[in-house]
Amino acid sequence: CYVPKIYCLGPNLNPQNEDLLAPLLLQSPLEWYLCGEEPSVGLAKLEQNNQPSQLCGHVFKVGEPTYSCRECAADPTCVLCMQCFLGSVHKEHRYRMTTSGGGGFCDCGDTEAWKKGPYCQKHEPNISDSSQKDPLANLSDEMIARTYNVFSIILKYAVDMLTWEKEDELPEGLEPPARGDTYYCMLFNDEVHTYEQVIYTLQKAVNCTQKEAVSFATTVDRDGRKSVRFGDFQFCEQAKSVIVRNTSRQTKPLRVQVMHSSVVAHQCFALKALTWLGQIIRYSDALRRILCQVGLQRGPEGENSSLVDTLMLCDSKMWKGARNVYHQLFMSSLLMDTKYKKLFYRQSHTPLLSLLPLSPLLCLLHRCLQNYERLQNDYVKDDHDREFSVTDLSVQMFTVPSLARMLITEENLMTTIIRTFMDHLRHRDLQGHFQFERYTAQQAFKFRRVQSLIGDLKYVLISRPTEWTDQLREKYLESFDAFLELLKCMQGMDPVVRQVGQHIEMEPEWEAAFTLQMKLTHIISMMQEWCANVCSQYNVNAYTHNDNLTDISLQNMSLKFIGKSAGASMMDPNHFLMIMLSRFELYHIFSSADCRKRCSRENANKDVVQQNNTLIEEMLHLVIMIVGERYTAGVGQVECSDEIRREIVHQLCIRSMAHSELVKALPENENKETGMERVIDSVASFKKPGVTGRGLYKLRPECAKMFNLYFHHYSRADQSKAEEAQRKIKRQNGEDSAPGEAPANTPSILALLETLQNAPHLEVHKDMIRWILKTVRDKDKAERKRKAEMARLRREKIMAQMSEMQRHFINENKELFQQSLEELDPSTSSTLEHSPSSCDCTLVCVGPRRWRAGGSERRQVVTCILCQEEQEIRTDGKAMVLAAFVQRSTVMSKNRKRPPHNPDKYDPLFMHPDLSFGTHTGSCGHIMHSHCWQRYFEAVQAKEQRRQQRLRVHTSYNVENGEFLCPLCECLSNTVIPLLSEQPDLSQWLNITSLQMKALNPYSSTIKEMLTTFGTASYKVGLKVHPNEQDPRVPIMCWGSCAYTIQSIERLLVDEEKPLFGSLPCRQDDCLSSLTRFGSACWTVSSHATVQNHFIRLLAALVPDPRVENTPCILDIDMFHLLVSLVLSHPAVFSLDSSGLSADTAQLHFLHLVTVAHIVQILLTSVAEEVRMEQESGGAEREEEEKVCMFYNTLRMHLGSGLREVNSGWHLWRCVKAGILPYLRAAAMFFHYLNGAPAPPELHTLGVGEWEALCGYLCLPSNLLQLFYNNRELMEPLLHGFPRDSNYLIELPGDYSALINQASSFTCPKSEGDKSRAPTLCLVCGAMLCSQSYCCQTELEGEDVGACTAHTFACGAGVGIFLRVRESQVLFLAGKTKGCFYAPPYLDDYGETDQGLRRGNPLHLCQERYRKIQKLWRQHSITEEIGHAQEANQTLVGIDWQHL
């Protein structure tokens, strides 16, 4: 009576108090009764006295890492969990690492699963313990009886409820006292309808929101069913009818049931009860054994009446969640003990278990073999994936060699599997061959599911018997007959015949037959190996004196070729050749002496001639292989390792190959091993990969002599490539370019003729042999001579053409060449005159003494990439622009948890020091006329409008956001930066005109238009708002973009250990130059009053102004942004000045003020633990230490007890120098590009003199504290985590399995503990996300997006870098519509990535590749990389990236 009260509390089947009431009222009394005392005490005693099984039995979760030893595993299905693997000997072996699909368990402790090392350190058996002791001996008789009663009742109840088919009533004895009219409309899962169909249907049927419908659909997909409506019967029936009606139009309808709430409640508790049983039996192996006994106890109905039988036979009727629960219970109970695995098949004689039936479990219980067919039929009719079917547990049974042999011997298992498979393929033609051509869609669906039987057969065959009994041999031969019958039905199935005389509009169906053939390829090889094994044991004496070819015909996998070789050696040669001619249908050509005449008459038809020539060539090719190929064990004097070595040699003769390519090209054994590792080092050398590419094996030169052009595994294409590659190598080495020498045991035709010309019994043919040899040699020499002469003539012709072109070019450009020669000396001297080394003393970039170019203004001439016209950069000329890309950035963010600003109300004037969001500008460096770019962009817009009408897919760029591709390099861009000329005399003409003009704008209309264009783009992207060129925040965003870009590049140079100047690529250098000059001119296209107001507010942050309110704290301002904004906004105020004060002087004062403010920031935030031991310092440094101590004490005086006392001047000065250095470097770059002053040589190299060079270049004293003390009277009234470290991507573990293990324990945050199907790691912040799933979709800007896309906007301002853990794949995302996949930084020992974890080799972190990904992120090149990838691979464009 408690169950309905707990589990029927309304529409929600899982209320919060359910987890409190169910253990208290239902589970706790059971545990009290079971233990006979306090459960915590009783269960602790059971666990203490437990003798655990030597089997680990850890059940794998979805995505959990598994390990299989390539050297010791009995078959590929034998795996270890991570803990057992790390404690085993196999970690030092060659192993395979994969991720589990869920459901299997660890094989540690199973001696049949491992050739050696079956135990890890944890599960190593203790010799002193009696392993044969019955675990039940540790329990009292009373407790055994209580446990048997509890387990019998609970298991019987759970089985009855889970298999209960009545929707409106309960079994007798479970009916509640008061039955209410409360029902659930229960929706069940299927694999036919899509998420979208279910969501749409639920919105119509139960009138829910899309978010609620997505939640319903997600739960249905995860658990197998979900209540979508709660109420009276009529209310729920109405919803059911709508769902059925809307989903039955094209496919079968969704399964919906209206179930009484009490039935649903008891089914929910039944699942909880099974879960409780699985938890209880972990305390004691004795409890597990009792549960096995209860489950296998035969019921009163007789055969197939045990509870285990009932669950399995009703498997396809249960929903997904119920299947998972009882499968897990089977794994942790029945399959945890080898004794009970065998009990399923053999009658026990112990008194307690004498009543156990021989019923089928996991399709193998041999009491009634027809249940295997029934379970397979149920699976075929079911639409759930195999992983949710009880038939999937067959792998746990069939791969145990002893059990497989027992089933073959006693129950004829292999024959049963083969005949069950054939029974499902009932469509045959008149000759009895399989016929798939007329399959309907439903039959094709069933055929795909029937193929799982091939997997069962493979599990049985995967390990060959070591000992054969007569009964085992007899049963195997019977199954072999059945298999031959299967092959007989396949021979000639669905033949694809060339149609002549009429056109065939639709190609006949061939996929099913082809798939069946491919699926059975390994099965055929394994059956051959079993046959060879039988023969080697039973008939070894019969073949002792026979030809070795007989054994080869059974043992070698290449039976087609070896069979022909065997036939050629044992048959009469004439007879064999006649058969070959007949097989190639060439007998009529060579059948008589007048064949030439008859062929000449047929030559009129060129198609016939070409066909005959091709057939003759193919036949001769085969004859050469049969005669010459003897490099096979049993044919030649070679071993298996020699065969593998020769295979590798011939693959590497084609080209150098990666490890994965070689593995694919080599034959595998039943364990998917090629044996390559044993011999590869003897024939090839390994070249490690660089930052890109793969590691390659290259053939050793001494092994090239093993090359045989007619190697029997070569295709015609491989043969051609290998021949060309070997000829090229020999030409380079100056060797004879013959195709290569034949194997040692197979002499070539020419060598045979050389030997035969002196044979006495061939005296009659000696002249003919000599003539053949002479003809062949002379012809070869003549051919080589002819080719060499042709090559010489071709070279001479090319050189003559090049000489003529040079003369023609010089004649046409005589004036240009003459002018260049005349100007060479003056230009050189001018360059030397203005080089930095000639005037080091004047290299200052800011202030009245800053460097100025001597003489006339230098002309800057550039070329438009679109029209190729040269244009001089002038303020009154045509506008020239750089293609640029502006993007929001968090690369330098120190606070990723700061919520995004409201773009409508946010004031960006002061950048916070945490740089939570910034605006970065990048450029590819390519220059265009503004009008050329405008025409190009208009053409792109028109093209994309036409594309959208034809094909509505996302392109690599979004024209609506102003994006386009650079016309030259196709870099993604979304705006252009105008190029502005240098203005060395700006202050002079400003002084002259300041008295006459309040507003100055010296630029042409096209340049002003481009200034507005780029300014609006920075504003739009940086704030994520619509364009508005009148918004007062436009110039602020431009200044901020300039400052942020310089800061990010300065940090990048530091991390890459490059000098401040001279190491930037041209594209970045041009971008910074143009961006800085734009910043100095953008005020001219803005409201001057607005810019002047910005300047007043900026200066008030340093010099208090009573007219300015809400001035931020000095600790909340990024000082470099403040410096840039002050300098770039000052011209708007300077144009009003009539005092004649130099603009250079103002810049220097701004630098001094901001530098002192930054020192204050550093001292207030970066004083760590006091250094008690004073360091030895020089005289100059002591002065600096004294000054900084005085300055720090001045701050303490103003702030009171806010700062603690520090006596170490050495420590304070080191904090100041380290904290302010990034600021000084960025300031040097800024003024360098703003004022055009060349940098001193010390800043072009890495060295110890950087501090002094920076201070001198910025016109600052080396002791920066002098800035304060020289103007102490003015500075002191203004005193009302530096240094800022660079950001890096997260640290990744060296072993990839650690990541897999981390991801396997990650649960979906919105699915109540369900494991995430696609766990994805953010490489920026380390967050693990549930990607590519409806459950974690969120709404972003009115659109539902996946977890990764939503995370990019919170963590990376729209740009994200993720690692898809289970796919070993890096994901780049930019916005909602752009993304691409990128090679992961994890490589195996062969220098290759393993995207998808298909090969399973251990993966280790490659720091170089990870640094490359990090560099892309730091350079803000992720969006550019995505654009290039999508342009190169159009399939990426069609992916819905927003759902990831």
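Hydrogens, waters and symmetry mates play no part in the numbers below; they use all other heavy atoms, side chains included. Model, not experiment: these values are computed from the prediction.
Aromatic ring pairs are classed by plane angle as parallel below 30°, tilted from 30° to 60° and perpendicular above 60°; the pair Y184 and F230 is tilted. Between Y67 and F85, the ring planes lie parallel to each other; the angle is under 30°, not in the 30° to 60° tilted range.
Residues S100 and T66 come closest through the heavy atom pair CB-CG2, 3.8 Å. Across all their heavy atoms, T163 and C314 have their closest contact at CG2-CB, 3.7 Å. Across every non-hydrogen atom of L329 and S333, the tightest pair is O-OG, 2.5 Å. In plain terms, the two heavy atoms of S394 and D456 that are nearest each other are OG-OD1, 2.8 Å. Listed here is the closest heavy atom pair of V294 and L307: O-CD1, 4.3 Å.
The line from CG of L139 to CG of L287 is 6.0 Å long, rounded to the nearest 0.5 Å. How far SG of C78 is from CD1 of I462: 8.0 Å, rounded to the nearest 0.5 Å. Going from atom CG of L162 over to atom CG of L274 covers 5.5 Å, rounded to the nearest 0.5 Å. Note: K272 NZ to Q279 CD = 9.5 Å, rounded to the nearest 0.5 Å. Summarising the geometry, atom CZ belonging to R146 is positioned 10.5 Å from atom CD1 belonging to I290; distances are rounded to the nearest 0.5 Å. For the atom pair NZ of K320 and NE2 of H327, the computed distance is 12.5 Å after rounding to the nearest 0.5 Å.
Looking only at side-chain heavy atoms (C-beta outward), M143 and L46 come within less than 4.5 Å of each other. Counting heavy atoms from C-beta on, the side chains of H123 and L55 never come closer than 4.5 Å. Put simply, the side chain of L187 does not reach to within 4.5 Å of the side chain of F216, judged on heavy atoms. In this structure the side chain of L43 reaches within 4.5 angstrom of the side chain of I280, judged on heavy atoms. Within the 4.5 Å cutoff, the side chain of M318 has heavy atoms near those of the Y326 side chain. Between C108 and S88, every side-chain heavy-atom pair lies at or beyond the 4.5 Å cut-off. With contacts defined as side-chain heavy-atom distances shorter than 4.5 Å, the pair K475/M414 does not qualify.
In this structure, a donor-acceptor pair under 3.5 Å is present between the side chains of Q267 and R225. Checking N149 against S152 by side-chain atom types alone, no donor-acceptor pair falls below 3.5 Å. For T391 and R449, the side-chain atoms include no donor-acceptor pair closer than 3.5 Å. Side-chain atoms of Y283 and Q48 form no donor-acceptor pair, as typed in the model, at a separation below 3.5 Å. Between D75 and S463, the side chains place no donor N or O within less than 3.5 Å of an acceptor N or O (distance only, hydrogens not considered). A donor and an acceptor atom, one from each side chain of W276 and E31, are located under 3.5 Å apart. E112 and S402 share a donor-acceptor pair across their side chains, judged by distance under 3.5 Å alone. Between the side chains of H58 and E64, at least one donor N or O sits under 3.5 Å from an acceptor N or O.
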Checklist entry - Under the side chain to side chain donor-acceptor pair (under 3.5 Å) criterion, do Q297 and Y148 qualify, and how do the steps go? => result CA-CA 11 Å; Q297 184 75 37; Y148 199 92; 3.2 Å; yes

Checklist entry - Are R323 and D392 close enough, and set up right, to give a salt bridge (charged side-chain N to carboxylate O under 4.0 Å, His left out), and what steps lead you there? => result CA-CA 11 Å; R323 298 186 193 188; D392 189 49; over 6 Å; no

Checklist entry - Passes side-chain contact (heavy atoms from CB on, under 4.5 Å), F60 versus T99? Steps please. => result CA-CA 9 Å; F60 293 116; T99 55; over 6 Å; no

Item to check | Evaluation steps, salt bridge (charged side-chain N to carboxylate O under 4.0 Å, His left out), between D423 and R419 | outcome: CA-CA 6 Å; D423 288 343; R419 288 178 178 169; over 6 Å; no

Item to check | Pair K446-H424, side-chain contact (heavy atoms from CB on, under 4.5 Å): steps then yes or no | outcome: CA-CA 9 Å; K446 289 184 178 180; H424 282 92; over 6 Å; no

Next on the checklist: side-chain contact (heavy atoms from CB on, under 4.5 Å) for V264 and M186? Distances and angles first, verdict last.
Outcome noted: CA-CA 9 Å; V264 175; M186 196 69 69; 3.7 Å; yes

Item to check | Steps toward side-chain contact (heavy atoms from CB on, under 4.5 Å) verdict (Y379, S452) | outcome: CA-CA 10 Å; Y379 166 69; S452 63; 3.5 Å; yes

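Side-chain atoms of S261 come within 3.5 Å of backbone atoms of T182 as a donor-acceptor pair (strictly under, hydrogens ignored). Judged by distance alone, the side chain of N377 and the main-chain N or O of E373 form a donor-acceptor pair under 3.5 Å. Looking at W164, its side chain does come within 3.5 Å of a backbone N or O of E169 through a donor-acceptor pair. Looking at Y157, its side chain does come within 3.5 Å of a backbone N or O of H266 through a donor-acceptor pair.
Two rings, from Y459 and F398, have their centers 6.0 Å or more apart.
With salt bridges taken as basic N to acidic carboxylate O contacts below 4.0 Å, one links E37 and K45.
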